[in-house]
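Below: the structure, in structure tokens.
Sequence positions, counted from 1, serve as the residue numbers for this chain. Treat the numbers as computed from the prediction; the structure is a model and nothing was measured.
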Amino acid sequence: MDTLLTILVSGAAVGSLYALIAFGYALVFKASHTINLAAGALVVLGGYTAYEIGAHGLGAPFTLSTLCAVALTCAGGWLAYRLIARPLLGATPDAVLVATIGFDLALRSLMTSREKWTLNSLEVGSPWTNSVSLFHHLVAVSDLWIVAIAAVVLAALGAVVTWTRFGLNMRACAEDPEAAQAQGISLRRNLAAVWLIAAALAGLVGVLVGTSPRTLDQSNFTWALRALPAVALGGMDSLRGAVMGGLIVGYAEAVSSAWQPEVLGQGYQLVVPYALMLVVLLVRPQGLLGSREVSRV
């Protein structure tokens, strides 16, 4: 029972973090048919910003430090948009993809210049360092908060995309950019908005992964890389699929981490999501909820 409860809670928390990043990937893909691989650097930037402003730095409350971290990562997303997405508007998706990799490497290289960040594993200063009894078993309070925050954020974004004019404009640009532009919808404004939202989600994840019992360090950029199987599994152009894929990958990691055959060695749980993605894509190349491409010949 203890193992099962741990898997349920930790799997939901990790899956929620992947779902947030994957949602940002899917938003950018729907708008530009490429993904922003600078998300890893923005995850790290968000975590360290919250640390420096929060209890271990300037002493600001956790909520304020989180909002500042999200705001700074939005600025990073805007910079990536101005330097990459906007100049390369109309270029091949591969060109944008490679450019975001360069932006990611440059930003992470800048962050390694601060010795304190490079040599230490830190904690952002959250108020969730304790555990709570759930069905007579201890679980991390931070995991419960991560699930709750991710659920609220994803539900709010889903409502915005589904029921607001911005969401309608975004879907119109994704379906037929030329027709949308003919109706007076700004492609650049729409593209800037989705890059900012994706950056904000990456910054929020950076803060949440730095809460106890997890740590804040330079390797946290790999959270964005491990979210790639989630969005590919769910469907690159499906927001619901991104959330579903994130939860599937989170639970796959939790289960494989709890039951590790010795013959496979340690850390194989990080490979399981990619293997699962490969199996799904062999059966459904568009992902579980992705749209099937139809080409006229």
Side-chain angles (χ1 to χ4, degrees), residues 18-43 45 73-74 76-108 157 161 166-167 169-181 185-203 205 221-243 245-246 249 274 277 281 284-295:
Y18 289 151
L20 287 168
I21 301 176
F23 194 95
Y25 282 148
L27 268 179
V28 173
F29 185 85
K30 285 176 72 71
S32 58
H33 298 287
T34 189
I35 57 176
N36 179 12
L37 288 183
L42 296 176
V43 167
L45 178 62
T73 53
C74 280
W78 173 256
L79 183 63
Y81 163 75
R82 293 290 299 185
L83 294 178
I84 299 172
R86 184 166 177 172
L88 294 179
L89 187 63
T92 63
D94 291 344
V96 180
L97 189 67
V98 171
T100 60
I101 294 175
F103 185 88
D104 175 86
L105 294 174
L107 184 56
R108 287 197 287 115
L157 287 175
V161 171
F166 163 73
N169 291 346
M170 190 201 73
R171 296 197 305 273
C173 292
E175 291 292 333
D176 193 334
E178 293 181 357
Q181 198 165 18
I185 299 174
S186 173
L187 296 182
R188 289 183 176 180
R189 188 179 303 165
N190 178 76
L191 187 61
V194 296
W195 276 64
L196 285 174
I197 293 173
L201 292 175
V205 169
F221 77 93
T222 59
W223 281 87
L225 298 181
R226 301 204 301 270
L228 288 172
V231 67
L233 191 154
M236 294 295 297
D237 62 345
S238 173
L239 300 179
R240 289 183 299 171
V243 176
V249 168
Y274 294 93
M277 176 189 70
L281 293 183
R284 285 182 61 86
Q286 72 273 26
L288 295 175
L289 298 181
S291 303
R292 184 187 298 272
E293 288 192 8
V294 179
S295 300

From CA spacing to verdict: side-chain contact (heavy atoms from CB on, under 4.5 Å), K30, V194: CA-CA 9 Å; K30 285 176 72 71; V194 296; over 6 Å; no
Any donor-acceptor pair under 3.5 Å linking the side chain of [X] with the backbone of [Y]?
X    : Y    : answer
D237 : G290 : no
Y25  : A224 : yes
T100 : L97  : yes

Checking side-chain contact (heavy atoms from CB on, under 4.5 Å) for the pair L233/L281: CA distance, chi angles, key distance, verdict? CA-CA 7 Å; L233 191 154; L281 293 183; over 6 Å; no
Atom pair [atom1] ([X]) and [atom2] ([Y]), whose distance is rounded to the nearest 0.5 Å:
X    : Y    : atom1 : atom2 : answer
T73  : L201 : OG1   : CG    : 9.0 Å
I35  : F29  : CD1   : CZ    : 8.5 Å
L42  : L37  : CG    : CG    : 11.0 Å
L79  : C74  : CG    : SG    : 12.5 Å
N36  : I21  : CG    : CD1   : 11.5 Å
L289 : L239 : CG    : CG    : 10.5 Å

Nearest heavy atoms of [X] and [Y], plus distance in Å:
X    : Y    : value
A22  : V231 : O-CG2, 3.8 Å
A242 : A26  : CB-CB, 4.1 Å
A31  : N190 : CB-ND2, 4.0 Å
A172 : I185 : CB-CD1, 4.0 Å
V249 : R226 : CG1-O, 4.2 Å
W195 : S32  : NE1-OG, 4.3 Å

Is atom CZ of R284 surrounded by more than 12 heavy atoms (other residues, nucleotides or ligands) closer than 6.0 Å?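 Above 12, so yes.
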In the structure I gave you, are the side-chain heavy atoms of R86 and L191 within less than 4.5 Å of one another anywhere?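 The answer is no; the side chains never approach within 4.5 Å.
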Mind running side-chain contact (heavy atoms from CB on, under 4.5 Å) on I197 and F166 for me, showing each step along the way? CA-CA 12 Å; I197 293 173; F166 163 73; 3.9 Å; yes
Can R108 be said to sit on top of F221's aromatic six-ring, NZ or CZ under 6.0 Å from centre and within 45° of the ring axis?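 Judged by the rule (NZ or CZ under 6.0 Å from the ring centre, within 45° of its axis), R108 counts as positioned above F221.
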Pairs satisfying ring pair (Phe, Tyr, Trp, His ring centres under 6.0 Å), at least one member in residues 76-95, at least two apart: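 Output for this query lists W78-Y81.
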